[in-house]
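Protein chains get the first letters and strands the later ones, always in sequence-line order, with residue 1 at the start of each. Small disclaimer: the values here were computed from a predicted structure and weren't measured.
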Protein chains: 2
Amino acid sequence: MSPKRPPRPLTLRDVSEAAGVSEMTVSRVLRNRGDVSAATREKVLTAARTLGYVPNKIAGGLASQRVNLVAVVIPSLSNMVFPEVLGGISAELDDTGLQPVVGVTHYSPAREDAVLYDMLSWRPTGVILAGLEHSKAARAMLDNAAIPVVEVMDIDGDPIDTAVGISHRRAGREMAEEILRAGYRQIGFIGTHMPEDHRARKRLAGFEERLAEAGVTLAAREFYQGGSSLLKGRELTQRILAREPHLDFLYYSNDMIGAGGLIWCLEQGIDIPGKLGLAGFNAVELLDGLPMRLATTDARRIDIGRRAARIVSGKEAAPENGIVALTPTFIPGDTIRRI
Amino acid sequence: MSPKRPPRPLTLRDVSEAAGVSEMTVSRVLRNRGDVSAATREKVLTAARTLGYVPNKIAGGLASQRVNLVAVVIPSLSNMVFPEVLGGISAELDDTGLQPVVGVTHYSPAREDAVLYDMLSWRPTGVILAGLEHSKAARAMLDNAAIPVVEVMDIDGDPIDTAVGISHRRAGREMAEEILRAGYRQIGFIGTHMPEDHRARKRLAGFEERLAEAGVTLAAREFYQGGSSLLKGRELTQRILAREPHLDFLYYSNDMIGAGGLIWCLEQGIDIPGKLGLAGFNAVELLDGLPMRLATTDARRIDIGRRAARIVSGKEAAPENGIVALTPTFIPGDTIRRI
DNA sequence: GTGAAAGCGCTAACAC
DNA sequence: GTGTTAGCGCTTTCAC
């Protein structure tokens, strides 16, 4: 029977008076700290529940100089990739008393700086952020914060403290390897035109590097702006094949456009993987429901989230060299010729 | 040239000493408050930047009794639906100085209570939460918080303060209307078995209600547990059609399983929409890339997020009756017969 | 097992 | 235009 819309939020003092014990005792009960007799404990809990008291973490955080927040800074939420990393983080944080707080940068370094500044002003316990490329300002802020920093997704570079992820260069190399082994030689690439998507860039670099070792050059490339959708994948595939009909393989920078391309090719009756092979990147769940399974690389998103969370929470020690390398896994699917 | 990893985070006092002015003046400059001479302003900003000072919002919030946070409580992030609502919220909050903080309940009322408790303990400026169904405890907490509460997605029920959304009952009715008009009569339903998915339940209720008015009864229904994926849509469609081959329409509780069903049907060479009609719900972007466009209802997710954010931020007054009703829009696509 | 006092880093209110 | 003082609601520390 709590009063409706009290003008002033309840404080510890209100509970303390209702229970007839000191504020300190109430505080102890509510945090399960120190010895409190079962009787007082019960009195306090009853009073708190009856009043509908919700502790004020702002005050608590200031007093204790500890805040149970982990800042998570990611480029996008509309990608399905980062929500999955987040899922891993959240799952692993669940029993630590830590809570993730998410900031989104939209792949903009300026926004990354702003988001970081904002999150750090809450004095979080640790920071998890995507990628290894950050502005000088961002690095300075993180240095000054004096808290654990885990950079996720990518390990090709120098981490501030610790990096957890896969080598995108290696993922690109390995995909090239598989494509070459299957005998494809006229290879096209379709990806985002995003100077800030460093991971896609590194994959492409590794990909071309391996092709070059086999004396093969990328026969065509098509870049696009904005988000990735099935529709965009269809359009880009149509366009690149119209321009370069001799292509026998298309490597997409992500599964979403890859799947769009696949659907379009099947509609056109193109012989896949015989006449044309296809591959994407990420191993998103979506692929399992399509008429044919797109070849791809599992980017280990959930594992990345979990390991990162384990490290910021102290469950797991950060490695000496600062790098936790997970293995990108090639998934053959049905769109690369078997030999 | 900031020192590396200082043992103690910087405070206002450090900036104050470096700039040779009072803490209060520093505070004013950093918040753009009150009159400060251009000269002092410059001195302070330089000092703050050089040191790499990041204000402590914990302390600021406690002192000012104001926190620029909006709690957003949603059931899931793996759905693509809620991230879009979030996108609308975030876009509209962008120029208000308010910041969304997200909590996820996984459709569990117990977790909703826990998440709310946790978020309210940060004393946010307002709360946006999905749905109108909440525990007594949750309602009590929200009442006590004495801050604006906007419930989103659904308007079929009694809002605490304000509800922004569509009527799912109406969305269900209108889809039934369209299906009946097209002449389908042997109608099956496929949806999640989630007692806590009130919106899906209300849609189904409205759907059956309208069918009943036309003397039509649902010919079959299939429920499933867990998340929605293309794969699940394929399996369920196969199963329901094996059991009830006479069905001439399938109404899915969301586009993801609907799209999976559509793909499977096309693979089987089933005549769509002639022999079998299909419809989903949500109007997700995915549908635009499929070989055939699934009929669906636009649930107005982004608009819902925007309006909700406008209301918590005070940009827009909450309506007298507490209900902001958006119109669910029927999208015919290609999977319902034209007449 | 419980309580009293001090203070976390800021900002509101007011003085100058 | 700038400074001083008090205090936000807790927790730390220490006393009993």
Side-chain angles (χ1 to χ4, degrees), chain A residues 6-45 47-48 51 53-69 97 118 120-124 144-146, chain B residues 6-45 47-48 51 53-68 97 118 120-125 144-146:
Chain A
R8 156 185 82 65
L10 297 160
T11 70
L12 256 194
R13 163 171 236 108
D14 296 307
V15 182
S16 143
E17 285 171 358
V21 297
S22 74
E23 292 184 35
M24 203 46 237
T25 301
V26 175
S27 172
R28 279 195 265 255
V29 170
L30 264 26
R31 289 177 299 141
N32 294 311
R33 274 266 212 287
D35 290 326
V36 182
S37 74
T40 4
R41 203 186 142 66
E42 216 40 59
K43 261 196 307 193
V44 170
L45 287 176
L51 295 174
Y53 172 69
V54 176
N56 183 334
K57 288 205 181 168
I58 302 276
L62 182 59
S64 66
Q65 304 283 72
R66 280 179 293 96
V67 167
N68 67 336
L69 259 28
D118 224 89
L120 290 178
S121 72
W122 289 104
R123 299 291 187 262
N144 275 308
Chain B
R8 156 185 81 67
L10 297 160
T11 69
L12 255 194
R13 162 171 237 109
D14 297 308
V15 183
S16 143
E17 286 171 355
V21 296
S22 74
E23 293 183 34
M24 201 50 233
T25 299
V26 175
S27 172
R28 280 195 264 255
V29 171
L30 264 26
R31 289 176 299 143
N32 293 312
R33 273 267 213 288
D35 291 327
V36 182
S37 74
T40 11
R41 205 185 140 64
E42 218 38 60
K43 260 195 311 193
V44 169
L45 287 175
L51 296 173
Y53 172 69
V54 177
N56 183 333
K57 287 206 180 166
I58 302 276
L62 183 60
S64 66
Q65 304 283 71
R66 279 178 295 94
V67 167
N68 66 337
D118 224 89
L120 290 179
S121 73
W122 290 104
R123 300 290 186 262
T125 296
N144 276 307

Any side-chain heavy-atom pair from B/V67 and B/P124 closer than 4.5 angstrom?
no
Between B/L45 and B/V29, is a side-chain contact (heavy atoms from CB on, under 4.5 Å) present by the stated rule, with each step listed?
CA-CA 8 Å; B/L45 287 175; B/V29 171; 3.9 Å; yes
Computed from five pairs at either end and rounded to 10 degrees, the angle between the axes of the helix from C/dG1-D/dC16 to C/dC16-D/dG1 is 30°
Using only atom types and a distance under 3.5 Å, with no angle test, would you say the side chain of A/S64 pairs donor to acceptor with the backbone of A/G60?
yes
Among residues at least two apart in sequence or on other chains, which ones pass side chain to side chain contact (heavy atoms under 4.5 Å, CB included) with B/N56?
A/R123, B/I58, B/A59
Please, which pairs that meet salt bridge (charged side-chain N to carboxylate O under 4.0 Å, His left out) have at least one residue in residues 18-44 of chain B, sequence neighbours excluded?
B/R13-B/E23
Between D/dG3 and B/R28, counting only base atoms on the nucleotide and side-chain atoms on the residue, is there a donor-acceptor pair under 3.5 Å?
yes
After noting the C-alpha distance and the side-chain angles of A/V15 and A/L10, does the key distance pass the side-chain contact (heavy atoms from CB on, under 4.5 Å) rule?
CA-CA 8 Å; A/V15 182; A/L10 297 160; 5.8 Å; no
Name the residue closer to the 5' end of DNA chain D, choosing between B/M24 and A/R33 according to the nucleotide with the nearest heavy atom.
B/M24
Walk along DNA chain C from 5' to 3' and tell me the first and last nucleotide with an atom closer than 4.0 Å to a non-hydrogen atom of chain A.
C/dG1 to C/dG9
Examine D/dT2: is either OP1 or OP2 under 4.0 Å from a nitrogen or oxygen in the side chain of B/T25? Give yes or no.
no
Separation between OH of B/Y53 and CG of B/L30, rounded to the nearest 0.5 Å
6.5 Å
Over all atoms of both residues, closest heavy-atom pair of B/V44 and B/A19:
CA-CB, 4.1 Å
What pairs of residues pass the salt bridge (charged side-chain N to carboxylate O under 4.0 Å, His left out) test when at least one of them lies in residues 55-65 of chain B, not counting sequence neighbours?
A/D118-B/K57
Categorize A/R66 for me: base, sugar-phosphate, or nothing, with a 4.0 angstrom heavy-atom threshold over every strand shown.
sugar-phosphate
Short question: side chain of A/S121, backbone of B/V54 - any donor-acceptor pair under 3.5 Å?
no
Protein-nucleic acid N or O pairs under 3.5 Å, nucleotides 6-10 of chain D:
residue, atom, partner, partner atom, Å
D/dC8, O3', B/Q65, NE2, 3.0
D/dC8, O2, B/L62, O, 3.4
D/dC8, O2, B/A63, N, 3.2
D/dG9, OP1, B/Q65, NE2, 3.2
D/dG9, N2, A/A59, O, 3.3
D/dC10, OP1, A/L12, N, 3.4
D/dC10, OP1, A/Y53, OH, 2.7
D/dC10, OP2, A/L12, N, 2.9
D/dC10, O5', A/Y53, OH, 3.4

